[in-house]
Amino acid sequence: MNKQYDPASIEPAIQKRWEEVQAFSAIEDPAREKFYCLSMFPYPSGKLHMGHVRNYTIGDVISRYQRMQGRNVLQPMGWDAFGLPAENAAIQNQVPPAKWTYDNIAYMKQQLKSLGFAIDWQRELATCHPAYYKWNQWLFLRMLKKGIAYKKTQVVNWDPVDQTVLANEQVIDGRGWRTGAVVEKREIPGYYLGITRYAEELLADLDKLTGWPERVRTMQTNWIGKSEGVEISFPYADSPSEALMVFTTRADTLMGATYCAVAAEHPLASRAAKGSPELAAFIDECKQGSIMEAELAAQEKKGMPTGFYVTHPLTGEPIEVWVANYVLMSYGEGAVMAVPAHDERDFHFAKQYKLPIRQVIDVQGKPFSTDAWQEWYADKENARCINSGNYNGLNHKAAVDAIATDLAAKGAGGKQIQWRLRDWGVSRQRYWGCPIPIIHCDHCGDVPVPDDQLPVVLPEDCVPDGSGNPLNKRDDFINCKCPGCGKPARRETDTMDTFVDSSWYFARYCSRDNDDAMVDERANYWLPVDQYIGGIEHAILHLLYSRFWNKVMRDLGLINCDEPFDRLLTQGMVLNEIFYRKPEAGRINYFNPAEVEISLDEKGQRRRIMLKADGKPVESGGIGTMSKSKNNGVDPQALIEKYGADTARFFIMFTSPPEQTLEWSNAGVEGAYRFLKRVWALCQENEQHIKTGMKGKTDWTNLTPEEKQARFDIHAILKQANFDIARFQFNTVASGCMKILNVLEDVSARGGESGDQLVCEGTGILLRLLFPISPHISDHLWRELGYGDDLLGASWPEPDAAALVQDEIELVVQVNGKLRGKVLVAADSDKAAIEQKALAEENVRRFTDGKDVKKVIVVPGRLVNIVVS
RNA sequence: GCCGGAGUGGCGGAACUGGUAGACGCGCCGGACUCAAAAUCCGGUUCUGGCGACAGAGUGUGGGUUCGAGUCCCACCUCCGGCACCA
């Protein structure tokens with residue numbers, strides 16, 4: 001074998017062999033336990049970034065490990081290929097989005113292949129391919145038939161930069177989630193998916209997802225936002241046939257309502273504003289007000305009376321209606337009943353505008369005051385109603401029930417559940433997406449495209465120029481015949497939100513080659529996904545939509561499972577240091593870390609940071625996510641070319657646990673490379689005797705004491721590594737490989753026949769443990785040294801129980817909890833013998849002499865603690 | 001403001017159910033090889049005192065439980081992520 005480790009020669013050769021034998025093609029086999037390992041598919045943006053490398057390496061380690069555990073593993077890959085960046089690139093370069101996308105896919109696929117992932121490429125899919133998005137359209141039509149998909153005209157969020165509509169979920173702090181542009185309100189017709197119909201199940205099933213990170217489940221729970229309360233109608237004083245609708249979770253405080261407040265956008269506010277320019281001005285001010293959270297938190301509560309009155313549904317009292325900036329139109333009815341005594345916001349508002357405060361909740365022994373807010377005013381647990389007529393003495397739940405019943409009897413309301421979740425608007429005024437399969441006919445209205453005319457194929461030769469959807473100018477696309485009456489009609493030009501594409505790709509991988517059905521029975525073999533791996537940024541949108549889509553497919557009888565992803569791992573982001581200069585006020589130049597040199601003092605502390613090009617200082621901007629704008633990215637391609645895929649993979653696994661952020665370090669990459677070179681060197685030095693038949697020898701009686709200890713260490717490290725890999729703590733698995741190598745190098749240096757035998761066994765363990773992380777070098781050495789034909793088919797190493805038996809154990813001796821010495825005792829020593837030996841230890845006696853030994857605690861196999869007065 | 005998560009050497013990070021804090025790697029220091037350098041190898045490396053054996057301090061801060069706390073409990077500080085002034 002070669003003296004030098006040369007990844008550039010071994011890696012492509014092994015990848016070629018894997019491809020030739022189709023090593024990773026997954027075949028359904030009911031007799032075998034399946035394992036579906038899925039990483040979130042990439043958007044083909046041009047080239048891989050480090051986050052992809054990390055994501056897919058984690059998935060690959062899990063896949064290869066599961067395979068060696070004997071499971072039938074499916075690890076597919078595909079492309080989330082529709083989306084705006086392709087249109088933006090088209091505007092810039094006059095290249096059709098289709099060509100740009102397919103070119104990117106070709107390049108990135110070759111990059112993925114060079115990383116040696118155990119992917120079944122036969123199942124590759126791209127969401128921009130008609131064979132894929134045909135089924136988006138097909139399922140959309142099924143939803144339309146069931147009423148889950150519907151059209152409505154509604155005020156939508158309009159992103160002025162992307163010229164598109166955004167779902168409520170895609171608006172963050174009043175800005176587009178992608179562009180950051182301030183969102184405008186526009187009226188546009190569009191299609192919606194009734195995700196709210198599934199709100200109850202989407203919420204309840206979160207409890208089943210015990211393999212998901214707790215914080216993702218919490219985020220989804222909050223997003224769905226179930227709230228149980230009572231809807232109450234307050235009839236208008238001047239027109240009792242109309243009423244102000246209000247939702248409250250604290251119906252038990254109804255008798256304490258002293259005013260009502262509505263949002264600035266509420267119809268009642270507009271109505272009142274007609275007669276009052278002052279009020280109209282205030283409403284305008286509220287509408288313009290920032291919706292940035294930090295500012296809202298500090299914002300002063302403001303309001304104005306409308307001069308309008310409603311009637312209290314139980315007491316008949318007149319109640320004044322105010323417009324207040326703390327009431328949100330988008331939640332509930334956009335109106336609240338204000339109970340200043342028992343709601344903190346209402347309290348502060350009432351104090352400011354000197355509105356009446358009426359206590360209706362009492363906790364015994366706690367005096368109520370209208371001067372300052374007290375926590376207990378909102379207590380639901382220990383509180384009882386007072387000043388509430390019939391409801392006096394009732395607790396929270398009983399009072400809510402009684403009041404809801406009485407309101408219902410009067411036709412003035414009743415119990416209601418309020419959700420934060422909204423239906424999912426899927427229409428996009430965009431070209432590069434899946435066409436919505438609808439035909440507009442002047443005679444028949446909106447007609448669904450018949451199944452036998454699917455897919456509605458998107459023309460791939462359009463070049464967007466930034467002036468809206470180019471499909472609107474494509475007569476060959478638009479003009480068609482109405483499927484109903486046969487007369488000329490127009491095709492819908494809106495396309496679907498790309499979250500539709502990614503909501504079911506995991507199912508399509510299972511039956512990718514089936515052109516007659518969306519999915520077939522093979523999906524029920526593979527689904528649900530056993531392990532899903534991806535970024536935390538998809539914690540809400542993608543994962544919630546996929547769960548919804550999965551349930552719709554289940555209800556249509558297409559698949560069996562309730563939830564698509566059994567376990568979820570959210571990997572941390574990849575960070576790197578940011579360097580910059582400010583050449584003049586307001587300008588900032590970022591420099592890639594590769595262009596920067598850092599000098600250190602003798603303690604390893606930083607002395608100076610400078611640019612290699614001119615030797616002049618640059619500033620450090622701390623650590624941040626790798627990004628184009630901060631110019632702190634590291635190109636995976638350069639890394640692979642310099643060190644090979646195995647080094648890149650090893651470094652990424654070694655440096656941080658998967659869920660934590662990963663800080664890039666070129667020195668760390670060097671360290672990983674050094675380790676692999678040492679593995680190579682060890683195998684090279686021991687090549688002869690490993691090849692000449694020491695494998696399989698099980699007689700370990702001739703080991704020297706050092707070798708016996710070394711064998712114990714190897715198997716103990718393996719035991720720990722097996723525990724760690726099962727809990728996805730790959731950084732300590734990688735360090736376990738390093739520890740085993742350290743032990744083997746010592747044994748190898750000492751030589752001897754029994755030592756050679758141990759090196760042979762230990763190397764076999766090391767190569768298998770290293771295989772999921774750095775598969776090329778492991779596989780190459782495994783075959784080169786004659787361990788077997790194929791490491792892929794090898795079984796996972798398990799520690800030998802006999803190696804873990806020790807004759808003598810070192811125990812730590814503490815005096816009053818402080819470490820004072822160590823003693824070597826026979827493994828089968830009884831407590832008395834251990835105590836005696838510990839008390840006799842020289843250094844221990846310095847701390848016990850002349851003192852009373854009050855107690856001796858012996859923790860078997862660990863330590864002795866002597867307690868003295 | 002609320003809900004999660006995290007604070008450990010010069011750095012990334014170990015320490016499974018409370019039981020030797022700092023594994024492993026990086027960096028740095030010293031040495032070997034070399035005319036020299038790179039690469040490689042060997043030794044050292046939490047801080048303080050001491051030539052040393054050792055001793056003292058030490059896991060964000062302050063308390064507590066325990067023979068024993070990075071780990072458990074209470075209060076607080078800082079950072080990161082998420083969110084909804086949600087009636």
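Nothing here was measured: the structure is a model prediction, and the numbers come from that model. Just so we're on the same page: letters track the sequence lines, and every chain starts at 1.
- Nucleic acid contact class of Pro657(A) (heavy atoms, under 4.0 Å, all strands): sugar-phosphate only.
- Phosphate proximity of G25(B) to Asn742(A): present, with a side-chain N or O under 4.0 Å from OP1 or OP2.
- Using N1 to N3 plus N6-O4 or O6-N4 for Watson-Crick, or N1-O2 and O6-N3 for G-U wobble, each under 3.5 Å, C67(B) pairs with G19(B).
- Of the candidates Trp664(A), Phe675(A), Tyr643(A), Tyr673(A), Phe651(A) forms a ring-ring contact (aromatic ring centres under 6.0 Å, His included) with just one, namely Trp664(A).
- Among the heavy atoms of the strands lying under 4.0 Å from Lys822(A) is at least one base atom, whether or not backbone atoms are also near.
- Searching all strands for a Watson-Crick or G-U wobble partner of U40(B) with both distances below 3.5 Å returns A32(B).
- Side chain of Arg215(A), nearest nucleotide from G25(B), G4(B), C67(B): G4(B).
- Residue Phe650(A) is classed as having no contact, given no heavy-atom separation below 4.0 Å to the nucleic acid.
- Residue Val859(A) is in base contact, counting any heavy-atom pair closer than 4.0 Å across all strands shown.
- Base engagement by Phe654(A) is indicated by at least one non-hydrogen atom pair under 4.0 Å involving a base atom.
- The partner of A75(B), taking Watson-Crick or G-U wobble pairs whose two distances both stay under 3.5 Å, is U61(B).
- The phosphate of C24(B) (OP1 or OP2) has no side-chain N or O of Asn731(A) nearer than 4.0 angstrom.
- Distance, Phe651(A) CZ to G27(B) C1': 14 Å, rounded to whole Å.
- Residue Met219(A) places its side chain closer to G82(B) than to any other of C24(B), G25(B), G82(B).
- Note that Arg820(A) lies in the cation-pi zone of Phe847(A), set by a 6.0 Å cut-off to the ring centre and a 45° limit from the axis.
- Pair assignment for G1(B): C83(B), on the basis of Watson-Crick or G-U wobble contacts that are both within less than 3.5 Å.
- Set against A87(B), C83(B), G25(B), the side chain of Ile540(A) has C83(B) as its closest nucleotide.
- Between A14(B), G68(B), C16(B), one nucleotide has an atom nearer to the side chain of Arg862(A) than all others, and that is C16(B).
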Using the side-chain contact (heavy atoms from CB on, under 4.5 Å) rule, take Ile777(A) and Trp680(A) through it: C-alpha gap first, then chi angles, then the decisive distance, then the call. CA-CA 8 Å; Ile777(A) 185 173; Trp680(A) 186 276; 4.1 Å; yes
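- Gln814(A) comes within 4.0 angstrom of a nucleotide base, judged by non-hydrogen atoms across all strands.
- Ring geometry, His542(A) versus His538(A): the interplanar angle exceeds 60°, so the pair is classed perpendicular (tilted spans 30 to 60°).
- Under 4.0 angstrom from either OP1 or OP2 of U40(B) there lies at least one side-chain N or O belonging to Lys677(A).
- At the heavy-atom level, Gln729(A) lies under 4.0 Å from the strands shown only through sugar-phosphate atoms.
- When distances are taken from the side chain of Phe723(A) to each of A87(B), C16(B), C26(B), the shortest belongs to C16(B).
- Within the 4.0 angstrom heavy-atom criterion, no nucleotide atom of any strand lies near Arg217(A).
- Nucleic acid contact class of Asn843(A) (heavy atoms, under 4.0 Å, all strands): sugar-phosphate only.
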